[in-house]
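Here, residue 1 is the first one in the sequence, and each next residue gets the next number.
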Amino acid sequence: MAATDAGKDGQNALSFDVFTKLVARSELNNLVVLLDCCHAGNLIESSQYQAMQKIFNDKKNYYLMAACRGFERSREGAEHGIFTAAVLDVLRARVMAGEAVDLDSLFSEVSQKLKQSGQEVVRSAMGGAITLIEKTRGNLAPVVNEACPYVGLEAFDQKTAQYFYGREEQLDLLLRKIEKSRFVPVIGASGSGKSSLVKAGLMTNLAKQGWCVMPPIKPWANPLTMLKQSLVQQFYKLPSEIQKAYARLESEGLNAILPEGSPRVLLVVDQFEELFTICASEQERQDFIRLLVEGAEQEGHLTIATTMRADFVEQALQYSDLAKLIQRDRVFWLVPLELSEMKEAIAKPAQMQGYDLAEGLLEAICEDVEAETNSLPLLEFALTELWERRDRQNHRLTLVAYLEMGKLRGALDRHAKRLYEEVLRSDEERKWAKRLFLKLVRTGQDVRDTRQRQSKQFLLGMARSEADREAIANLLEIFAGADGRLLVASDENNVAFVDLAHEALMDGWQMFVEWRSEDRDLRRLCDRVKDAFDECDRALDQDKFLLPEGVVAQIEEVEVAINDYLSPEQQNFVQRNRYKYKPWLDLANLPEMVDIPSGTFWMGSPDGKGNDYEKPYHQVTVNAFQMGKYPVTQAQWRTVAMSPKVEIDLSLNPSYHRGGNKPVEQVTWYEAQEFCARLSQLTGESYRLPSEAEWEYTCRAGAEEYNEYCFGDYVSQLEDYGWYGNNSGDRMIDTDRIWEEVDKDNNRY
């Protein structure tokens with residue numbers, strides 16, 4: 001009996017009075033009552049029991065067992081109340097062993113299992129011993145389920161909670177802590193089972209208790225966005241409501257947007273260390289922490305639980321408000337499994353599916369686990385592989401299969417190696433596989449490497465061609481598929497993510513270990529580029545988020561190698577940074593040249609035309625060359641003048657009439673020569689000033705007849721182009737206005 005979901009009107013429950021009347025009417029030789037609910041001991045300890053006892057005494061034998069004392073709450077487990085789970089465990093083990101079950105031994109074993117649970121099992125009995133299940137002559141054939149009860153490198157969650165064993169004591173402690181605090185950080189070593197405890201244990205239990213349990217979030221590169229979207233979209237659907245909720249969240253905090261009358265809400269931030277490893281913006285990190293701290297300190301329905309690797313506690317404590325929350329009485333330090341708990345975690349899931357473990361297998365696995373540190377992910381992966389190799393005929397996991405697959409550590413390495421060498425079809429696919437896996441790792445300096453999930457769009461964006469894109473998509477399907485199990489794909493706030501199934505893969509796959517040992521400085525530099533790119537991409541004033549000059553210099557030293565690790569967008573970002581400090585590298589900042597074909601023309605002025613120094617009028621042949629399409633602008637001059645000098649120094653701003661797109665003036669012949677020399681040095685081409693013949697040939701533009709000027713024979717024709725002394729009427733010429741017009745239309749040069 002379990003009085004869950006009971007109403008005061010008697011719906012979904014029986015009052016003690018009604019229960020007593022039903023017992024009185026029954027014609028039973030033996031009466032057994034097992035009651036699992038909060039305050040269950042009242043059945044035996046309250047005044048109601050005195051009235052019921054006379055009825056019970058009329059029966060020959062009765063046995064009443066309650067999950068807890070009358071003043072205690074009965075606690076929930078992963079699938080049942082912990083009392084019910086303990087009863088079922090004892091019954092299952094006895095039945096499979098073919099042993100009889102009497103109520104006294106059942107009470108004794110269940111009491112022992114719940115000894116440290118915070119609730120005391122109580123009983124009342126009359127008459128002789130009651131045997132609940134008779135001894136069987138042979139083991140009962142178990143119900144067989146071929147679905148795999150192990151989760152590989154992934155964490156247990158609410159969907160797989162029924163197979164989550166070995167953490168009952170820790171779960172009970174966590175549930176008690178969550179009742180007293182609105183912020184509980186679960187901290188433990190990598191591979192200790194933090195995420196499984198929270199997702200399969202805490203979330204499942206609180207959901208059964210009527211809490212609103214939100215899907216867990218991870219900080220990633222933009223934790224503030226993840227947090228806000230997760231909360232707002234959980235409770236609001238209409239665009240107008242969403243907009244108001246965002247505004248209220250900003251001004252009043254997280255609790256303010258929870259609907260009135262809502263149950264207690266659990267927000268889980270998984271892999272909290274991503275806040276320090278992946279989020280590049282210090283301001284966003286501080287704002288995220290501020291919102292969490294305010295949400296935990298305000299009165300309201302919100303409770304926050306986080307999971308974080310223990311080696312990041314020091315970084316978390318650098319934020320004073322967060323440090324105050326992470327105090328001794330609030331932190332939940334996850335301890336390693338005891339040997340008995342380890343055996344449960346290994347054997348119970350298989351037994352639930354109707355399978356047993358061959359002699360010596362459980363001991364061999366436990367021995368290997370104890371030899372490794374924080375090896376739960378390796379254990380789950382090995383058990384998953386072992387399940388694939390199970391003896392289906394005899395419904396057994398065998399020691400032979402365990403040894404053949406390489407035992408605990410060898411299982412993961414053999415599986416990953418097989419995928420890489422046998423499933424991937426070409427060297428090109430293997431090259432892309434290496435790049436993908438390295439992209440999912442953040443290379444540490446003075447700290448361990450950590451995984452960093454990436455959006456699927458980013459990984460596909462690494463492709464240089466459509467064929468590359470198809471290859472990447474295929475690899476993601478292979479490694480994240482049911483047969484791959486090395487990567488996991490998820491969707492958060494309509495963004496598709498890809499992540500390593502667990503950090504244990506980084507050390508458990510030897511080829512991956514070798515990859516991570518290569519080019520570590522280079523990959524750390526790539527992470528720095530990615531951080532700056534992400535910040536710049538989100539910023540309004542993007543120029544403030546460019547890379548420091550020293551970092552750009554580092555990139556230039558390894559330019560060819562680093563491009564293999566950067567997406568095309570990130571490569572363009574690097575170029576933009578280079579142009580900031582070395583603008584001459586951007587061809588758009590240099591003079592535009594046009595081809596002038598070779599030819600012969602009449603140079604000078606004929607008799608009766610022009611000036612004496614233009615005589616004699618003669619033919620000149622000019623070879624093909626290139627000429628600047630427009631006069632050199634002040635911006636182009638500045639770009640070249642910033643480059644290393646050849647012979648003399650150059651002023652960056654020599655012109656009187658300032659303006660980046662105005663022609664440079666106030667320049668000597670020597671300075672013009674230096675400009676050409678530097679331009680040649682920068683580009684590898686040969687630049688010089690045009691000769692008199694080249695200049696006149698270009699200006700005449702292939703005209704067959706002599707003209708006094710390039711625009712015609714008469715000076716008055718200049719009136720169509722601008723003011724000069726002979727048509728200005730002695731008025732001042734507004735040169736700035738003229739160049740403003742030029743700025744609008746470069747063709748007016």
Side-chain angles (χ1 to χ4, degrees), residues 587 590-637 639-641 646-648 650 654-657 661-728 733 735 738-739 741-743 745-749:
L587 296 179
L590 302 180
E592 181 182 356
M593 309 299 287
V594 293
D595 291 319
I596 308 297
S598 61
T600 301
F601 77 107
W602 285 92
M603 183 176 178
S605 301
D607 292 339
K609 300 283 186 180
N611 299 309
D612 291 342
Y613 60 78
E614 296 172 345
K615 305 293 190 293
Y617 192 45
H618 60 290
Q619 282 191 320
V620 175
T621 298
V622 178
N623 293 325
F625 64 99
Q626 288 188 321
M627 174 77 84
K629 187 174 183 180
Y630 307 112
V632 175
T633 66
Q634 293 176 36
Q636 292 168 344
W637 176 273
T639 295
V640 176
V646 177
E647 293 186 2
I648 65 173
L650 292 178
S655 302
Y656 177 77
H657 298 284
N661 207 32
K662 295 178 181 179
V664 67
E665 19 94 359
Q666 307 291 329
V667 175
T668 68
W669 182 86
Y670 295 102
E671 290 170 331
Q673 289 283 76
E674 174 71 12
F675 179 88
C676 293
R678 293 194 191 186
L679 197 54
S680 300
Q681 178 177 262
L682 292 174
T683 63
E685 303 288 342
S686 178
Y687 286 85
R688 57 179 174 81
L689 297 177
S691 67
E692 185 70 23
E694 289 171 333
W695 177 250
E696 186 169 342
Y697 174 64
T698 303
C699 289
R700 293 192 179 279
E704 296 181 358
E705 297 182 0
Y706 175 82
N707 289 314
E708 189 73 16
Y709 307 102
C710 64
F711 51 82
D713 283 325
Y714 305 100
V715 174
S716 60
Q717 290 175 272
L718 280 175
E719 294 176 4
D720 295 333
Y721 299 91
W723 283 357
Y724 290 85
N726 66 339
N727 74 339
S728 67
I733 300 174
T735 53
I738 292 174
W739 290 120
E741 295 297 319
V742 171
D743 284 343
D745 183 4
N746 287 336
N747 291 326
R748 292 186 63 174
Y749 283 142

(request) Could you tell me the separation between the CD atom of E685 and the CD atom of Q626, rounded to the nearest 0.5 Å? (result) 7.5 Å
(message) Under the rule for ring pair (Phe, Tyr, Trp, His ring centres under 6.0 Å), what residues qualify as partners of Y687, not counting sequence neighbours?
(response) none
(message) Quick check: closest heavy atoms across A672 and V667, and the distance to 0.1 Å?
(response) N-CG1, 3.9 Å
(message) For the OH atom on Y670, are there more than 12 heavy atoms of other groups (residues, nucleotides or ligands in this structure) within a distance under 6.0 Å?
(response) no
(request) Taking atom CD of Q619 as the centre, report whether more than 12 heavy atoms of other residues, nucleotides or ligands fall under 6.0 Å from it. (result) yes
(request) Considering non-hydrogen atoms only, spot the tightest contact between P591 and V632 and give its length. (result) CG-CG2, 4.5 Å
(request) Apply side-chain hydrogen bond (donor to acceptor under 3.5 Å, both in side chains) to N611 and list each qualifying residue two or more places apart in sequence or on a separate chain. (result) Y613
(request) Taking R688 for its side chain and C676 for its backbone only, find out whether a donor-acceptor pair lies under 3.5 Å. (result) no
(request) Could you pull out all residues at least two apart from K615 that satisfy side-chain contact (heavy atoms from CB on, under 4.5 Å)? (result) S605, D607
(request) Can you measure from CD (Q666) to NE2 (H657) and round to the nearest 0.5 angstrom? (result) 8.0 Å
(request) Evaluate side chain to side chain contact (heavy atoms under 4.5 Å, CB included) for E696 paired with V620, printing each intermediate quantity in order. (result) CA-CA 10 Å; E696 186 169 342; V620 175; over 6 Å; no
(message) Taking side-chain hydrogen bond (donor to acceptor under 3.5 Å, both in side chains) as the definition, give me every residue that meets it alongside Q673, ordered by chain and number, with sequence neighbours left out.
(response) none
(message) I'd like to check the side-chain hydrogen bond (donor to acceptor under 3.5 Å, both in side chains) partners of S691; sequence neighbours left out, ordered by chain and number.
(response) E694
(request) Rounded to the nearest 0.5 Å, what's the gap from CH2 on W695 to CG on L689? Could you check? (result) 11.0 Å
Identify all side-chain donor-acceptor contacts of residues 596-603 below 3.5 Å with residues at least two apart in sequence or on another chain.
{"from": "T600", "atom 1": "OG1", "to": "T621", "atom 2": "OG1", "distance (Å)": "2.8"}

(request) Could you tell me how the ring of F675 sits relative to the ring of W637: parallel (under 30°), tilted (30 to 60°) or perpendicular (over 60°)? (result) parallel
(request) Can you measure from OG1 (T639) to CG (L682) and round to the nearest 0.5 angstrom? (result) 9.5 Å
(message) For a 4.5 angstrom cut-off between non-hydrogen side-chain atoms, does S655 reach K662?
(response) no
(message) Ignoring hydrogens, what is the shortest heavy-atom contact between L679 and T683? Give both atom names and the distance.
(response) O-OG1, 2.9 Å
(request) Using atom types as modelled and distance alone, determine if a side-chain donor or acceptor of E674 lies under 3.5 Å from a backbone N or O of E647. (result) yes
